[in-house]
Each structure stands twice: as structure tokens, then as C-alpha cells.
Undergrad: 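There's a structure below that I have some questions on.
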Amino acid sequence: MTPRQAQAALGAWFAGRGWTPLPFQRAMWRHYLAGESGLLLTPTGSGKTLAVYGGPLLEALQERPPPRRRGSARPLQVLWVTPLRALAGDTALALRAPLPALGLDWQVGLRTGDAAAGERRRALEGRLDVLVTTPESLSLLLSHAPTLEHMRRLRCIVVDEWHELLASKRGVLLQLDLLRLREAAPQARTWGLSATLGNPQEACQALLPDLPQAKLVRGARARPVRVTTLLPAPGERFPWAGHLGLAQLPRVLEALLAARSSLLFTNTRAQAELWHQALASVWPDDPAALALHHGSLDPALRRQVEDGLRAGTLRCVVATSSLDLGVDFPAVDQVLQLGSPKGIARLRQRAGRARHRPGASGSVVCVPTHALETVEYAAARHALRAGVIEARLPPRLCLDVLAQHCVSCALGGGFRAGELLARVRRSPSFAALDESLWQAVLDFIVHGGAALGRYPDFQRVSLDADGVYRVHDRRIARRHRLSIGTISSDGSVRVRFLRGGELGAVEEQFAGRLRPGQRFHFAGRLLELVRLRDMVAYVRAAHGPSATVPRWQGGQLPLSEPLGREVAALLAAPDASAEMRWLRPLLALQTGLSALPSPTHLLLEQVQRRDGQYLFCYPFAGRRIHEALATLLALRLSRQARNSIGYAVTDLGLVLAPERPLQLEPARLHALFSTEAVEADLREAVNLAELARRQFRGIARTAGLLVPAPPGGAPRSLRQLQASSGLLYDVLREHDPGHLLLAQAEREALDEALDLPGLLRTLHDCAHRRVELRHPPTLTPLAFPLWAERLRGKLSNETWRERVLRAAAQLERRHGR
């Protein structure tokens, strides 16, 4: 078939579905057929899948080989890597769709954790033309020696949703595997697909470090996003602090019933469970039209919800980030965001789930849970109009990932040290890898290092006489393949009906507090615990009044730094948006009692109450950075005079609560925000060894030091994992203090748990602003949420909610609001 005929055939398939190829799709096909690789930046819903898939289809039509017997060996044409297993199934359906009409007999298959045994076998034996997989499953495939041989004639590698992988260890693992693949198949073109990125050049370099001429292609223009907010009526009492927002239930229900189908996004799984429960109690429609979707639910339950969205049988799904990514739901008419999205890219991504069709605009209805969140919505609107998007930075020198990759290479045919080092250094994540660190990695995979060299379990790789590193022990090989990946799901308890199927998993700490007969809400159901055995919670359906809801660690998203800057700028110069007009009385009260923050000055408020002195500070840098900053400030203030200083943080600021009153001199306040000796001060202020110990568990698992649970066996408990990793950590600290994984755990504790880079940026910003110390007579609207957060750490026979509501009522009476 000639190129013109191939174009006509593909165009006819588009026309048969009522579509016309977009200019950027045709441009992508030309780039591919010219042998080019690169990164495509285009919004969700603009047709990026067909933009990159059309090239291989046209190439196949032009070269159309003779028909092949079903099941015969065939060279892999397209390798499609996606970050989520749920996306893999949806992507495979999309890739199969044009094949019959084009007359191509390609076999499209899956290789993910959810794939059937037959599909896994076909992928391993090289009997597919198109393979859809995840980074972990790709790494597992490459640990088998024949895989590279099957892929040497590979034509196209696609990395979908690259922005979701870029800033994580999953992305680092994929970088290494892609370098290995492109070395084996240099003719393969590689394309990354991304919707929302603030640093596209760096993202392109991370994906294609060995291709400096890689193309950065911008597809369709960003869809306009309409942001509206469900605001309370003027004069209506609305909380100054909180995160559930159930006071908004009537307005949310009204908005849901006004649309044919909606997604209600929350930021945490616990919040999703609570809101699903609340909506179910007042839902006037068919109960089956209301559903729940989050990452802790069983995959079968999630698939049912996704199928219902595609079929248009669901009116509302309460969801978390589990539905953020590219599964297509063209039937969804409306997206609601409960609480602040905490990030500009996240809001754009979620808004794009509504009317997920090329050319359609995105929209999102924001639902504040407390008054100050309305500023974040107005700030996000400003940022979207200005094209501001957060950057995603790839991690550096993840030696645990490198060690895992080395063992996989040793399993997948073996490697020579010099050749592998040269390849690894081409990755930006390991460009700074020096000879001593590389030798330490080799020593670690061969015998575990100085402290673990006597134990056979840690002697995984052998250096053979021909200079090649290989794995010879089948038991070691099996254990390593069970451990491949960087995602740790240990420490969870499966929830299963006593007679019936699985519902998902809750954290072990939550399940461990339950007693037989206790009730809890999970998976949109009221359940009663029957017994807890072998890391499985056996339950039955229950009836009656409300019950507890599981909490998951790490559920709170921090405010992004770009969105924080937009919030600070908007508070300093409020615009005429509906949100800021609604907030005028509150901002006037803030100004009357104290002042409004500004990008040019740093607002500090010192408030004296009956229960002590409080110092409030508002850098607007996000919860995680404020946590480290509060610790640093408390240490530096305590050096001026012996004291004990408590603290609490929110996304907008922090509060320090000293036991002895602080004597604050305005002239010396600037010194508190100095960038000098920050790392040394943090080491003094926090128990870095304990933070590193916590970080070490994930590192040890990725590096292969923790033995995984066997298939079909009971998963290891969090206590067992903590004991195993803690023992390893203590042994290494005592007998091999220079071990490469100890140094990595400490570095990650500083950079991730304490966000040292972000803290330095915030200190630098504060140091260049004028410090303005105010002494308001009472708590201000900005201070109240911080004071309320501080209450959580105090012992009382009242609930936190009761104390906060009582204090809010007192302030409202005092200020007439």
C-alpha cells in the first residue's frame, strides 16, 4: 500500500467514527514516519493516543506483511507503557479498535499484575504485536533472558502519562529499562505522552537522555477550564477551619441532580468514604446510580465503576486521584472538586475528566470545606489563565532502584560492569554516579556489603570467570522477581466478606484497633468485623447508626509552591471574582485586627491568650515545608533562651506555642529565616536517625533486602516488616555505617520527609521580604485554622470538633460575623 493509500485508509476509519484527524495528530504521524522520537504535550481528551498510535499503523499498512498463523511467533511492533493497571485495559481496547477496519491482524495483549495467565504467557513468549504493560511488569519481563531477543525488532515505545512517573522512583526504574531496550533495539522510536507539565524540556531529557535531538511537540491548545465555586449565601455561617465540608451537602446534592452524570473528586480516601456515605443517606435516585472509587478498593469493584461510567449508568461517582488519569469517560458531564485541589496541574487534570472529547472545554465546580479555601480556587483560576503549571523533578541517585535494576540485568542474560555503568550514566538520574558509588552497588548485590556478607540470602549475584555478572540460584531469582518494583503495598489488611468476595484493603493500624462486632464504613458499605486472621479482616454487612471510617497514612496533599504564591498575591490584591467578593467581610476583619500578607512582606502575628502565647507565621509554602520550617524556627528561638516550643502547621502557615513567653525583637526576626547552616540545624532539631529508619523500610524493600510474601501466602504484617527493616538498619548502623543504603535513607529523609530543597527556597524568599510583626488582640481569620490544628495535640474530654465550634462561635459573637 502506498503512503497516500495508507493515509486514506486511516482517514476513512476516522470518518467512520465521525472524526477528522487533527493537525497535531497528522504532524505526529509525520514525525514518527521520519524516524523521530520525542515528547508530546497535549491536554487530556485531545486525542493523544491516536496521535502516537497512528504512526505505527500507517507504517504497518505501507509494509503489509502476509497473514500469519494465529499463535505463531511475531516481532513486537509497539510497546505501550502506562502507569496504572486500570489504564492498561482501557488502552488495550483503544489500540484494538482500528485494527479490523484497517485489515491488520495484530495481536494486542496485556502484561500487568491483573492480566490473565494466558496473556502473560503470550507476552513472555513473544507472540504479540502490541504489548500494553506497566513499568513494574516491563522490568519483570526484562529479567527473563529471551525478552530482549523478542524485542530487538521493536518499532515503537510509548510511555503514557509520563508526568505521573517522572518525579518518582517508578520513573527512574523505567528510565533504566528504556535505556536497555533502546540499546537492544536502536531503530525503535520512543514517544512520551504528557498532559500537564511545568518543565517539559527536563521531562523530555529524562525520557530520552541519549537522544539530544528528540522532538518536543505541543499538540492541541490547552482546553479552557471554567472554574466555579459553590459559595454559601451572604451572611450564612460557614466554618473558618475544617476539611470535610459536609455543611455543603445540600448544595452539592442539588448540583449533582442538575447534571446527567458527575465525578465528585476528594483528596483523601477517608473523605471519599465519608462523602459517599453522606450522599447515600439523602440520595433520591436509584442507589445503584451512586458509586465510590479509590485505590484501596478491590480491582474488580473499581472496574465495575469504570464500566458504569463508560456505559452512562452512573449519575455520580465519589472518587480520589484513582480516576485522575487517562481512562476515557465521555459520558461524564460535570466534575466537582471537594476542598482545595492543592495543585494547579491536579485541578486542570480533574477538570479535563468532564466532557472528555477533543475540542470540548473543561469545567470544574469547586466545593469549599471552609472559608479560606475559596481563595485557593480564585488563585487556581488565575494560575490556569496564566498557564502556570507545577514542575515535576526526577529523583537523583536512587541507589536502591539501581541495585534492583542490576540484579534484573544479571537475571536477564548478565551484564559487564563497565558496559552497564556507561549506560546507566546516560540517565539524568545517575549522571553524577561516581566509581566509588558504583563499586558499592556491585559489592551490595554480590554479597550485601561488609555487614551482610556472611549471609547467603544477600549474596544474589555472581561475577563469573568471563567477567559477566549473573544470577545462578533459582531461589534468589524467584525472590527477586517477586520484589520487582518500587511501590510498597505492605502493611495493609484485606477486607473480605465472610461469605463472598473481597472489597479491598485498609491499613493494618486501623484494622488492629477494631474488635469483633465493631462496625465501620468501607467500600461504600456498613460492615461489621467478624474476625481478623492472617492479615485478612472477615466482615459481614451491618445495619444501624453511623460507624468509624478508615484513615490512610499520607492522605493529606500539601499545597504546591506555585499555588501558594498565587494565594499570597491574591490576598495582597483581591480581584473582583465571586470568591473574593464573598470573602470581603472576612478579609476586612483580618485587616482590622492585623494585616493581610503580601509578596513583599512576611506577616507574623503574636497573640496572647489565656492558655499562653502564640506566634503565627504565613509563608504560604504548603504543609510539608511548614513542618520543617516550624521545627527550624522553634530550635532557633529556643537558642535565645531555654524553652519548650510546640507547633502546628497548615498549608497557609504555622504557629509556635512556647511554654515560656518569647521576647521577640523585630530587628532580630530576620535572622530566624537565615539560610545558613540549615541542614545542621535540622539535624539538631529533629531525630534524623528515626526519620531515616522509617525511610529505610521502603529503600530496603526496593533494594531487595526484605523477603517478599510468597504468592498465595499471607502478606507480611507491618510489624514484621518494621521489625525486619529495623533490625537490618541497626545492624548496618553498627557494623557498616558507611553502607550506601544508610546514606540514601538519610538523604531521602532530608529531601523528602523534610523537603530540604523546598525549605531552602522558602527561607530564601522570606529573607528577601520585610518582616512585619503584628499584635492582634485576638485570633484573626488567618490564625484561627492554625490554632484549631494546634488543639488536636491536646488532651481533652471534648472532641476536637466541639472545641473548635465553641471557639468559632465565641469569635463570631465578638466580631459580629
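Values reported hereafter were calculated over all heavy atoms of this structure, with side chains retained and with hydrogens, waters and symmetry mates removed.
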Undergrad: At what distance, to the nearest 0.5 angstrom, does CH2 of Trp582 lie from CD of Glu236?
TA: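 The CH2 atom of Trp582 sits 8.0 Å away from the CD atom of Glu236.
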Undergrad: Looking only at non-hydrogen atoms, find the nearest pair between Leu786 and Ala648 and report the distance.
TA: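 Distance-wise, the nearest heavy atoms are CD2-O, 3.9 Å.
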Undergrad: One thing to verify: whether Arg693 and Asp730 come together as a salt bridge, which I'm taking to mean a side-chain N less than 4.0 angstrom from a carboxylate O.
TA: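 So Asp730 pairs with Arg693 through a salt bridge.
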Undergrad: Without swapping roles, check the side chain of Asp755 against the backbone of Ile625 for a donor-acceptor pair under 3.5 Å.
TA: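 Checked: no pair found.
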Undergrad: Judged by atom type as modelled, is there a donor-acceptor pair below 3.5 Å linking the side chain of Ser296 to the main-chain atoms of Val506?
TA: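 Not at all, since once roles are kept as given, no pair shorter than 3.5 Å links the two residues.
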Undergrad: Measure the shortest side-chain to side-chain distance between Leu604 and Leu664 over non-hydrogen atoms and say whether it is less than 4.5 angstrom.
TA: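 Side chain of Leu604 against side chain of Leu664, heavy atoms only: no contact under 4.5 Å found.
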Undergrad: Report yes if the side chains of Gln613 and Val607 come closer than 4.5 Å at any heavy-atom pair, otherwise no.
TA: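 In short, these two side chains do not touch, never coming nearer than 4.5 Å.
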Undergrad: Kindly determine whether Val686 and Leu754 satisfy side-chain contact (heavy atoms from CB on, under 4.5 Å), including the steps that lead there.
TA: CA-CA 10 Å; Val686 302; Leu754 296 173; 4.0 Å; yes
Undergrad: Going from CD on Gln640 to CG on Asn643, what distance comes out if it is rounded to the nearest 0.5 angstrom?
TA: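 It is 10.0 Å, given to the nearest 0.5 Å.
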Undergrad: How long is the gap from CG on Asp751 to CG on Leu393, to the nearest 0.5 Å?
TA: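 Those atoms lie 11.5 Å apart.
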Undergrad: Classify the ring geometry between Phe616 and Tyr614 as parallel (under 30°), tilted (30 to 60°) or perpendicular (over 60°).
TA: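 Parallel: the ring planes of Phe616 and Tyr614 meet at under 30°.
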Undergrad: Indicate yes or no for a side-chain donor-acceptor contact from Ser638 to the backbone of Ala634 under 3.5 Å, with no hydrogens or angles considered.
TA: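 Yes: the side chain of Ser638 pairs with the backbone of Ala634.
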Undergrad: Kindly state each residue pair satisfying ring pair (Phe, Tyr, Trp, His ring centres under 6.0 Å) with at least one member in residues 657-699, sequence neighbours excluded.
TA: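 Every ring pair (Phe, Tyr, Trp, His ring centres under 6.0 Å) pair that includes a residue of residues 657-699, provided the two are not neighbours, is Phe696-Tyr729.
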Undergrad: Do side-chain atoms of Gln606 reach the backbone of Leu615 as a donor and acceptor pair under 3.5 angstrom?
TA: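 No, Gln606 side chain to Leu615 backbone: no donor-acceptor pair under 3.5 Å.
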Undergrad: What side chain to side chain donor-acceptor pair (under 3.5 Å) pairs are there with at least one residue in residues 737-746, not counting sequence neighbours?
TA: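 Side chain to side chain donor-acceptor pair (under 3.5 Å) check on residues 737-746 returns Asp400-Gln744, Arg683-Glu746, Gln744-Glu748.
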Undergrad: Who pairs with Thr675 by side chain to side chain contact (heavy atoms under 4.5 Å, CB included), at least two apart in sequence or on another chain?
TA: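 So Thr675 forms a side chain to side chain contact (heavy atoms under 4.5 Å, CB included) with Leu763, His764.
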Undergrad: Do side-chain atoms of Arg636 reach the backbone of Leu672 as a donor and acceptor pair under 3.5 angstrom?
TA: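 It does hold such a pair.
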Undergrad: Would Thr762 and Cys766 count as a side-chain contact (heavy atoms from CB on, under 4.5 Å) here? Give the steps.
TA: CA-CA 6 Å; Thr762 300; Cys766 292; 4.1 Å; yes
Undergrad: With a 4.5 Å cut-off on side-chain heavy atoms, are Arg609 and Leu779 touching?
TA: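 Yes, their side chains come closer than 4.5 Å.
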Undergrad: Would you mind checking if Arg381 and Glu579 are paired as a salt bridge, meaning a charged N to carboxylate O distance below 4.0 Å?
TA: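 Salt bridge between Glu579 and Arg381, a charged N being under 4.0 Å from a carboxylate O: yes.
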Undergrad: Return yes if some donor-acceptor pair links the side-chain N/O of Arg392 with the main-chain N/O of Ala167 below 3.5 Å, else return no.
TA: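 Here the side-chain-to-backbone pair does not exist.
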Undergrad: Compare all side-chain heavy atoms of Pro619 with those of Leu629 and state whether any distance is below 4.5 angstrom.
TA: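 Yes, close enough: below the 4.5 Å cut-off.
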Undergrad: For the pair Arg761 and Asp765, find out whether any cationic side-chain nitrogen is under 4.0 Å from an anionic carboxylate oxygen.
TA: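 No, no charged N to carboxylate O under 4.0 Å.
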Undergrad: Do Gln608 and His775 have side-chain atoms, one donor and one acceptor, less than 3.5 Å apart?
TA: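 No pair is found: no donor N or O on one side chain lies under 3.5 Å from an acceptor on the other.
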Undergrad: side-chain contact (heavy atoms from CB on, under 4.5 Å) between Leu705 and Leu741: does it pass, once the steps are laid out?
TA: CA-CA 10 Å; Leu705 288 180; Leu741 297 186; 3.8 Å; yes
Undergrad: Does Glu690, at its CD atom, have more than 12 non-hydrogen atoms belonging to other residues, nucleotides or ligands within less than 6.0 Å?
TA: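 Yes - once you tally the heavy atoms of other residues, nucleotides and ligands closer than 6.0 Å, there are more than 12.
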Undergrad: So, Glu627 and Tyr647: side-chain donor and acceptor under 3.5 Å apart, yes or no?
TA: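 Looking only at side-chain atoms, Tyr647 and Glu627 do form a donor-acceptor pair, the distance falling under 3.5 Å.
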Undergrad: Can you name the closest pair of heavy atoms from Glu789 and Val649 and give their distance?
TA: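 Closest approach of Glu789 to Val649, heavy atoms only: CG-O, 3.5 Å.
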Undergrad: Please determine which of His370, Glu373, Glu376 meets the side chain to side chain donor-acceptor pair (under 3.5 Å) test together with Ser340.
TA: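 Passing option: Glu376.
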Undergrad: Taking side chain to side chain contact (heavy atoms under 4.5 Å, CB included) as the test, write out the residues that go with Ala380, two or more places apart.
TA: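 By the side chain to side chain contact (heavy atoms under 4.5 Å, CB included) rule, Ala380 matches Leu347, Leu563.
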Undergrad: Minimum heavy-atom separation for Arg790 to Gly646, with atom names?
TA: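 Looking at all heavy atoms of both residues, the shortest contact is NH1-CA, 3.8 Å.
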Undergrad: Taking His626 for the side chain and Gly622 for the main chain, is one N or O donor matched with an acceptor at less than 3.5 Å?
TA: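 Pair found, side chain donor or acceptor close to backbone of Gly622.
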Undergrad: Restricting to non-hydrogen atoms, name the atom on Ala595 and the atom on Leu603 that form the minimum distance, rounded to 0.1 Å.
TA: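 Here Ala595 and Leu603 meet closest at O-CD2, 3.3 Å.
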Undergrad: Compare every heavy atom of Pro785 with every heavy atom of Thr650, then report the nearest pair and how far apart it is.
TA: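 Nearest pair, atom of Thr650 first, then Pro785: CG2-O, 4.2 Å.
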Undergrad: Would you compute the distance between atom CG of Leu589 and atom OG1 of Thr780 and round it to the nearest 0.5 angstrom?
TA: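 Atom-to-atom, Leu589:CG and Thr780:OG1 are 8.0 Å apart.
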Undergrad: Under 3.5 Å, side chain of Arg774 to main-chain N/O of Ser594, donor-acceptor pair present?
TA: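 Side chain of Arg774 to backbone of Ser594: a pair is present.
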Undergrad: Donor-acceptor pair, Glu390 side chain versus Ile344 backbone, under 3.5 Å?
TA: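 The answer is yes, because a donor-acceptor pair under 3.5 Å joins these two groups.
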Undergrad: Over all heavy atoms of both residues, which pair between Arg350 and Thr320 is shortest? Give the atoms and the distance, please.
TA: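 Looking at all heavy atoms of both residues, the closest pair is NH2-C, 4.1 Å.
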Undergrad: Are Glu202 and Pro394 side-chain neighbours, meaning at least one heavy-atom pair lies under 4.5 Å?
TA: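 Yes, close enough: below the 4.5 Å cut-off.
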Undergrad: Would you mind checking if Asp681 and Arg639 are paired as a salt bridge, meaning a charged N to carboxylate O distance below 4.0 Å?
TA: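 Yes, this pair counts.
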Undergrad: Heavy-atom distance under 4.5 Å between the side chains of Ile699 and Lys169, does that happen here?
TA: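 A side-chain contact under 4.5 Å exists here.
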Undergrad: Give, for atom CG of Leu602 and atom SG of Cys617, the distance between the pair rounded to the nearest 0.5 Å.
TA: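 It is 4.5 Å, given to the nearest 0.5 Å.
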Undergrad: Is the number of heavy atoms from other residues, nucleotides or ligands within 6.0 Å of CZ (Arg733) greater than 12?
TA: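 Atom CZ in Arg733 is not packed in, count stays at 12 or less.
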Undergrad: Under a 4.5 Å cut-off applied to non-hydrogen side-chain atoms, are Leu732 and Pro737 in contact?
TA: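 No, too far: nothing below the 4.5 Å cut-off.
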Undergrad: Going by the rule side chain to side chain donor-acceptor pair (under 3.5 Å), which residues pair with Asp651 if we only count those two or more places apart in sequence or in a different chain?
TA: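 Testing Asp651 for side chain to side chain donor-acceptor pair (under 3.5 Å), a comparison that skips the adjacent residues, returns Lys342.
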Undergrad: Any chance you could measure Ser321, atom OG, to Phe265, atom CZ, to the nearest 0.5 Å?
TA: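 Nearest 0.5 Å value for the OG-CZ distance: 8.5 Å.
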Undergrad: Using the salt bridge (charged side-chain N to carboxylate O under 4.0 Å, His left out) criterion, which residues pair with Arg770? Sequence neighbours excluded.
TA: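 With sequence neighbours excluded, Arg770 shows a salt bridge (charged side-chain N to carboxylate O under 4.0 Å, His left out) to Glu772, given in chain and number order.
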Undergrad: Taking the side chain as every heavy atom from C-beta outward, state whether Trp787 and Asp611 have any atom pair closer than 4.5 Å.
TA: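 In short, these two side chains touch, coming nearer than 4.5 Å.
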Undergrad: Please check if the number of heavy atoms outside Arg642 that lie under 6.0 Å from its CZ is greater than 12.
TA: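 Not buried by this count: 12 neighbours or fewer within 6.0 Å.
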Undergrad: Is the side chain of Gln248 donor-acceptor paired with the backbone N or O of Pro368 at a distance under 3.5 Å, no angle test?
TA: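 Yes, because the side chain of Gln248 sits within donor-acceptor range (under 3.5 Å) of the backbone of Pro368.
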Undergrad: Apply side-chain contact (heavy atoms from CB on, under 4.5 Å) to Gln349 and Arg346, showing your working.
TA: CA-CA 5 Å; Gln349 187 81 14; Arg346 185 176 298 109; 5.6 Å; no
